[in-house]
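Quick note on labels: first sequence line is chain A, next is B, and so on, each numbered from 1.
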Protein chains: 2
Amino acid sequence: MIKTSDEKYLRAIYHLSEDKNNKVSLSELAYYLDLKPPTVLERVHVLQSEKWITYKKTDGIHLTKTGEKEALNVVRKHRIWETFLHKICKFSWSEVHELAEQLQNVNSEKLIDRIYDLSGTPKFDPHGDPIPDKSGKLPVSERRPLLNSVDGCKCVVLGVNEDSNEFLNYLTDLKIGLNEKLIVEKVFVFDGSMKIKYRNNESVILSPKVAEKIQVTCIKPNCPCKN
Amino acid sequence: MIKTSDEKYLRAIYHLSEDKNNKVSLSELAYYLDLKPPTVLERVHVLQSEKWITYKKTDGIHLTKTGEKEALNVVRKHRIWETFLHKICKFSWSEVHELAEQLQNVNSEKLIDRIYDLSGTPKFDPHGDPIPDKSGKLPVSERRPLLNSVDGCKCVVLGVNEDSNEFLNYLTDLKIGLNEKLIVEKVFVFDGSMKIKYRNNESVILSPKVAEKIQVTCIKPNCPCKN
DNA sequence: TACTAAAATTAGGTATGCCTAACAATTAAT
DNA sequence: ATTAATTGTTAGGCATACCTAATTTTAGTA
């Protein structure tokens, strides 16, 4: 059985190796976890001795098969809590993450199952990220960055690529949330910023930096947007 | 602000001083928390220095005003989680306690509020114990031990006086649960045991020891049962 | 290649939360 | 009132999860 205190390590390693396919360094991990390298090194040795990860200075940190499965299970718990908090408890998008962090430590598969059912057995969490099933399989979606839209595209927000409070609060202010329908009125070619229409004909101009981080999927079939 | 790790102490002290009105000894507390006296002594010193409790060898442990308020808040959190787990997540009566123990550590008043609303703003938890309001006030109920019933009394189960798994499982086996309606067919005077009719005319004989620990309230007005 | 910057490691330290064993004080029982 | 049992206290230790400072290793660059 895995220790609660190991779970955040596995989740962190999972996320880091997802992004930068595979090579996770000690200091990266330390930075991500907001801990100092010696602390992390110590734990990494333990995790290695427990066969959750492999680690060689030159090669970085990798999840083993077992480790990845365990990590996916933690990810599952985390995302189910996030979904529950957002959909059922009506927490805003930006409040959800920190709370889920705490709740994910609660140790009861049965509870997760119930919470999952209560939330309507979703395939994606409120950020639009896929929820692994119990065996660790991830559902696939058609998500792509809003940035890749063409003029006139009608799409729906599936999630975001960044978790910082600054970003999430910005979206909350604009009232761009999960499942929000957006119409791309115009893409300005010179810098890629775009005018978006949404809600009751409100509109806003989003910078390419923002548009890159909003994940959407087209509503109309055969929409010509790039993936 | 109180530390999570202190909360279980305050809740324990609250429960112990509730039962035995007031004098809580070190070893009692240690036993209750399943810790050794030196461990508890250490923490008691800290809690005292933080003004949550007073402690003198001769006088035992007492909650201060602030301590009691904090304890009631922990009790509130705990009972709200228990209610949620039972009513909404369909956990059995006996599973609820341990999980609530873990969940009560999650630090978000807002979450408690939401969970409370989801559970239907109950005044009593699934054991029938009162849920303090935010200011620490306890609702009152007419609960009394089943043992005090007279022949023919029709009553409803509000809760129990004991938390041991043995006891809770026993009740679960009998299918005597919260809100179960019971008819007291006959009280046997020689030892106080009683024949109970419930559900679809099932009946069972309960020992006085058990009947003492089941908390009920009469359904018919002006029922002559003792309180 | 030699040098420097970055990353990893080692050594040693702190706080927390628990423990056992030994001793002291209090309470209860003969 | 003395003894025995219970309760409380002290001292010292262990594991965990962090830290800083100093050193070594690796990797990138002039």
Side-chain angles (χ1 to χ4, degrees), chain A residues 1-13 16-17 19-63 67 70 74 98 101-102 104-107, chain B residues 1-13 16-17 19-63 67 70 74 98 101-102 104-107:
Chain A
M1 238 295 132
I2 193 164
K3 281 171 285 174
T4 298
S5 50
D6 288 342
E7 296 194 339
K8 70 173 177 189
Y9 276 80
L10 294 191
R11 204 170 71 90
I13 295 163
L16 289 171
S17 47
D19 292 354
K20 346 191 4 189
N21 57 267
N22 269 340
K23 195 152 188 175
V24 178
S25 71
L26 238 206
S27 43
E28 258 179 317
L29 180 56
Y31 181 79
Y32 185 89
L33 290 170
D34 198 18
L35 297 171
K36 304 296 169 189
T39 304
V40 172
L41 179 60
E42 221 172 66
R43 298 297 241 85
V44 156
H45 286 323
V46 175
L47 288 170
Q48 189 174 26
S49 80
E50 291 168 350
K51 305 274 169 64
W52 303 111
I53 60 172
T54 60
Y55 173 58
K56 265 183 290 181
K57 181 182 350 198
T58 48
D59 200 30
I61 302 161
H62 298 265
L63 292 168
E70 201 55 51
V74 183
E98 193 200 332
E101 199 81 18
Q102 292 182 56
Q104 127 205 324
N105 293 329
V106 174
N107 199 0
Chain B
M1 239 295 132
I2 192 164
K3 281 170 287 174
T4 298
S5 50
D6 288 341
E7 294 194 339
K8 71 173 175 189
Y9 275 80
L10 295 192
R11 204 170 72 90
I13 295 163
L16 289 171
S17 47
D19 293 353
K20 346 192 4 192
N21 57 267
N22 269 339
K23 195 148 189 179
V24 178
S25 70
L26 237 206
S27 42
E28 256 179 319
L29 181 56
Y31 181 77
Y32 186 90
L33 290 169
D34 198 18
L35 297 171
K36 302 297 167 188
T39 305
V40 172
L41 179 61
E42 220 172 69
R43 301 293 243 87
V44 156
H45 285 323
V46 175
L47 288 169
Q48 189 173 28
S49 81
E50 290 168 351
K51 303 275 168 63
W52 302 111
I53 61 171
T54 59
Y55 173 58
K56 265 182 291 180
K57 180 185 346 201
T58 47
D59 202 28
I61 302 161
H62 298 266
L63 292 167
E70 201 56 50
V74 183
E98 192 201 334
E101 199 82 17
Q102 291 181 56
Q104 123 205 325
N105 293 329
V106 174
N107 200 1

- Taking only Lys NZ, Arg NE, NH1 and NH2, and the carboxylate oxygens of Asp or Glu, determine whether A:E70 and A:K51 approach each other closer than 4.0 Å.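 Salt bridge: no.
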- Message: Would the distance check show the side chain of A:Q102 and the main-chain N or O of B:N107 forming a donor-acceptor pair, the cut-off being under 3.5 Å?
- Response: yes
Pairs under 3.5 angstrom, nitrogen or oxygen only, protein versus nucleotides 7-9 of chain C, please.
residue : atom : partner : partner atom : Å
C:dA8   : OP1  : A:L26   : N            : 3.4
C:dA8   : OP2  : A:S27   : N            : 2.7
C:dA8   : OP2  : A:S27   : OG           : 2.8
C:dA8   : O3'  : A:Y55   : OH           : 3.4
C:dT9   : OP2  : A:Y55   : OH           : 2.6

- Can you find a pair of side-chain heavy atoms, one from A:L10 and one from A:I53, that are under 4.5 Å apart? yes
- The side-chain contact (heavy atoms from CB on, under 4.5 Å) partner of A:K36 among A:V40, A:T39, A:L33 is A:T39
- Considering just the side-chain nitrogens and oxygens of B:T39, establish if one lies under 4.0 Å of OP1 or OP2 belonging to C:dC19. yes
- May I ask you to check whether over 12 heavy atoms, not counting those of B:E50, lie within 6.0 Å of atom CD?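 Buried by this count: over 12 neighbours within 6.0 Å.
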Nearest whole angstrom, please: distance from the [atom2] of [N] to the [atom1] of [X].
X	N	atom1	atom2	answer
B:K23	D:dT7	NZ	P	12 Å
B:E50	C:dT16	CD	P	10 Å
A:Y31	C:dA6	OH	C1'	16 Å
B:L35	C:dT20	CG	C1'	14 Å
A:K36	D:dT16	NZ	P	23 Å
B:R43	D:dT9	CZ	C1'	18 Å

- Base, sugar-phosphate, or nothing: which does B:T58 touch, judged by heavy atoms less than 4.0 Å apart?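 B:T58: no heavy atom of the nucleic acid under 4.0 Å.
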- Query: What is the minimum heavy-atom distance between A:K23 and A:E28, and which atoms define it?
  - Reply: O-OE1, 3.5 Å
